[in-house]
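What you see is a predicted model, and the numbers here were worked out from it, not measured in a lab.
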Amino acid sequence: MSFLGKVLYYTRATSWILLLLLSAAYGTIASVVLTLVGKQHLAQWSTARFHYFVMSKFLGVKVKVINEHILENKPFIAVSNHQSTLDILFLGRIFPPGCTVTAKKSLKYVPFLGWFMALSGTLFLDRANRDKSVTTLNRGLEKVREQKRALWIFPEGTRSYSTTPKLLPLKKGAFHLAQQGKIPIVPVVVSNTSTIFCSKYSIFNRGTIYVKVLEPIPTKDLKKEDVSELTEKVRSMMEKEIDTLGYSEAIDDTGVPPEATRLIQDHVSTSTKSDYGSIKKDSATVIVSSGSNSHLNES
C-alpha cells in the first residue's frame, strides 16, 4: 500500500470511531427522551438512521436493500451474517422501527455505546451464564410476540472477518426462540464487505454494500425436534444468496483483499457470462461482484 493509502486508511478509521461515538451520544440522549415519552422501542431505530446518515455522508459508504418491504410485517426474528464492525452501518440503513438487537454483556460497560444500548432496550447476553442468557431471550421473545416487534440476531455468534463470501455455522438459539414463539424467521444476507473495510489489509474504501431480505420462514407448525433441520435449511439458503451477492461494490482508494482480486479474476476467466463479475480500471479500481450481479437490477 502506498503512503497516501495508509494515511487515508487511518484517517477514515479514526473518523469512523469518532462518528460511532457521536452516534452513541445521540443514541443515549434519544433513548432517554423517547423513554420519557413512552417510545423507547423507537430508540434503536432512530439511532440507527442517524448513524447511517453521518457515516454515508462523511465516509462515502452506501447501502442498497433488496426486498426491504418484508421487514414491515412484524413480528419476526431476523438472522443475518456477521462480518465485521461495518455491520453497524448496514443495520443503520435497514433496522426497522420496533426492533431490538442482542449483544454480549461486556458491551454494556463501554462508555456512550453501552449507555445507549442499555437505555434503548438491548438484550445483553452473558455468554458465561447460559441460564441468564435464556431468561433474557425469553423475556425479549414475549415482548416481540405480544407487542408485534422484531428481534435481530447474528446466529454465527461471532464476526467472521472473511475476505471471501462465506457463512460460518449457525448457532440454534435464534431458531429455538422462533419455534417456541411461533414467530417467522426472516433471513437477511449481506454482500462481503472486505472490499470496503478490512483491518487485516488496512483497507477502508468508499462503495456500496448490498443487502437482501429473504422471504419469511414460518415456524408455527414446527416442533422442538425440527429446530436442527430449520437451522440447516436457513443456513443453506443464506449461503447460496451470499455467494450470489458476492463482494460489495468498492472504489479502490486503499487497496482490495488479494483473495477478492483472485476470486473475481477466476470467475471472469472461467465464466461465459459477461455480468458474472469484473474489476474495472478507471481513476480507481471498482470491485463489482463475484456473484451474478442480478441484485444490481433489483429494487
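A salt bridge links R12 and D253; the closest N-O separation between the charged side-chain nitrogens and carboxylate oxygens is under 4.0 Å. Between R206 and E249, none of the side-chain N atoms (NZ, or NE/NH1/NH2) sits under 4.0 Å from a carboxylate O, so this pair counts as no salt bridge.
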Output side-chain donor-acceptor pairs under 3.5 Å for residues 72-80, partner residues at least two apart or in another chain, one line each.
residue, atom, partner, partner atom, Å
K74, NZ, P97, O, 3.2
S80, OG, W152, NE1, 2.9

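Counting only distance, with no hydrogens or angles, the side chain of S133 and the backbone of D126 share a donor-acceptor pair below 3.5 Å. Under the 3.5 Å distance criterion, the side-chain polar atoms of D252 are matched with a main-chain donor or acceptor of G255. Side chain of D226 to main chain of L222: no donor-acceptor pair is present (N/O by atom type, distance under 3.5 Å, no hydrogens or angles). Checked by atom type and distance alone, the side chain of T163 never pairs as donor or acceptor with a backbone atom of P257 at under 3.5 Å. With hydrogens and angles ignored, the 3.5 Å screen pairs a side-chain donor or acceptor of Q40 with a backbone N or O of L119. The backbone N or O of A43 sits nowhere less than 3.5 Å from a side-chain atom of S46 that would complete a donor-acceptor pair.
Residues F58 and M55 fall within the same hydrophobic cluster, defined by Ile, Leu, Val, Met, Phe, Trp and Tyr side chains chained together at heavy-atom separations under 4.5 Å. Placement of V54 and L86 within a single hydrophobic cluster is found when ILVMFWY residues are connected by side-chain heavy-atom separations under 4.5 Å, directly or transitively. L21 and Y10 fall within the same hydrophobic cluster, where Ile, Leu, Val, Met, Phe, Trp and Tyr residues are linked whenever their side-chain heavy atoms come under 4.5 Å apart, directly or through other members. Linking ILVMFWY residues whenever their side-chain heavy atoms come closer than 4.5 Å, directly or via other members, places F95 and Y26 in the same cluster. W115 and V110 are assigned to two separate hydrophobic clusters, defined by single-linkage of ILVMFWY side chains at heavy-atom distances under 4.5 Å.
Listed here is the closest heavy atom pair of V188 and M238: O-CE, 3.8 Å. Contact between G207 and I196 at its shortest, heavy atoms only, is C-CD1, 4.0 Å. Here the closest heavy-atom approach between residue G27 and residue T47 is recorded as CA-OG1, 3.2 Å. Residues F175 and P155 come closest through the heavy atom pair CE1-CB, 4.2 Å.
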Quick one: do Y247 and L263 satisfy side-chain contact (heavy atoms from CB on, under 4.5 Å)? Show the steps, please. CA-CA 10 Å; Y247 288 98; L263 185 57; 3.7 Å; yes

Passes side-chain hydrogen bond (donor to acceptor under 3.5 Å, both in side chains), K172 versus S228? Steps please. CA-CA 7 Å; K172 298 177 183 177; S228 293; 2.7 Å; yes

Please step through side-chain contact (heavy atoms from CB on, under 4.5 Å) for the pair T136 and R139, ending with a clear verdict. CA-CA 5 Å; T136 299; R139 187 170 64 249; 3.9 Å; yes

Determine, step by step, whether N138 and Q180 satisfy the side-chain contact (heavy atoms from CB on, under 4.5 Å) criterion, reporting the C-alpha distance in whole Å, the side-chain angles of both residues, the deciding distance to 0.1 Å, and the verdict. CA-CA 9 Å; N138 285 335; Q180 291 168 19; 3.6 Å; yes

From CA spacing to verdict: side-chain hydrogen bond (donor to acceptor under 3.5 Å, both in side chains), T219, Q179: CA-CA 5 Å; T219 62; Q179 183 273 323; over 6 Å; no

Residues Y210, T208; criterion side-chain contact (heavy atoms from CB on, under 4.5 Å); working and verdict: CA-CA 6 Å; Y210 291 91; T208 302; 3.8 Å; yes

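In F53, the CZ atom is not crowded: 12 or fewer heavy atoms of neighbouring residues, nucleotides or ligands sit closer than 6.0 Å. Counting heavy atoms of neighbouring residues, nucleotides and ligands inside a 6.0 Å radius, atom CH2 of W45 does not exceed 12 of them. K62 NZ: more than 12 foreign heavy atoms inside a 6.0 Å radius.
Note on ring orientation: taking the six-membered ring where Trp is involved, the planes of F154 and H82 are parallel (angle under 30°, cut-offs 30° and 60°). Note: W16 and H51 have perpendicular aromatic rings, judged against thresholds of 30 and 60 degrees for the angle between ring planes. Classification of the Y9-F197 ring pair by plane angle, with boundaries at 30° and 60°, yields parallel.
For the pair T122 and S120, the minimum side-chain heavy-atom distance is below 4.5 Å. No side-chain heavy atom of V211 sits less than 4.5 Å from a side-chain heavy atom of R93. Contact annotation: the side chain of V61 never approaches that of S56 to less than 4.5 Å [non-hydrogen atoms, C-beta and beyond]. Residues P165 and L245 have side chains not in contact (no heavy-atom distance under 4.5 Å, counting atoms from C-beta outward). M117 is not listed as a side-chain neighbour of K108, based on a closest heavy-atom distance of 4.5 Å or more. In this structure, the side chains of P258 and Y201 come closer than 4.5 Å at one or more pairs of heavy atoms. Side-chain contact check for N205 versus T195: every heavy-atom pair is 4.5 Å or farther apart. Proximity of K240 to D243: side-chain heavy atoms (C-beta onward) are nowhere separated by under 4.5 Å.
Taken to the nearest 0.5 Å, the OG atom of S194 stands 7.5 Å off from the CD atom of E259. With values rounded to the nearest 0.5 angstrom, L141 atom CG is found 11.5 Å from K182 atom NZ. Once rounded to the nearest 0.5 Å, the distance linking OG1 of T102 with CG of L137 reads 7.0 Å. From L91, atom CG reaches atom CD1 of I88 across 8.0 Å, with rounding to the nearest 0.5 Å. Considering OG1 of T244 and CD1 of I242, their distance stands at 10.0 Å, rounded to 0.5 Å. Between the CG atom of L168 and the OG1 atom of T158 there is a distance of 7.5 Å, given to the nearest 0.5 Å.
Each of V144, I153, I183 was compared with L177 under the side-chain contact (heavy atoms from CB on, under 4.5 Å) criterion, and only I153 meets it. Applying side-chain contact (heavy atoms from CB on, under 4.5 Å) to L18 and the options T14, L20, L22 leaves one that passes, T14.
Using modelled atom types, one finds no donor on one side chain facing an acceptor on the other under 3.5 Å when comparing S160 with Q83.
The salt bridge (charged side-chain N to carboxylate O under 4.0 Å, His left out) contacts involving residues 144-156 comprise E142-R145, where partners must be two or more places apart or lie in separate chains.
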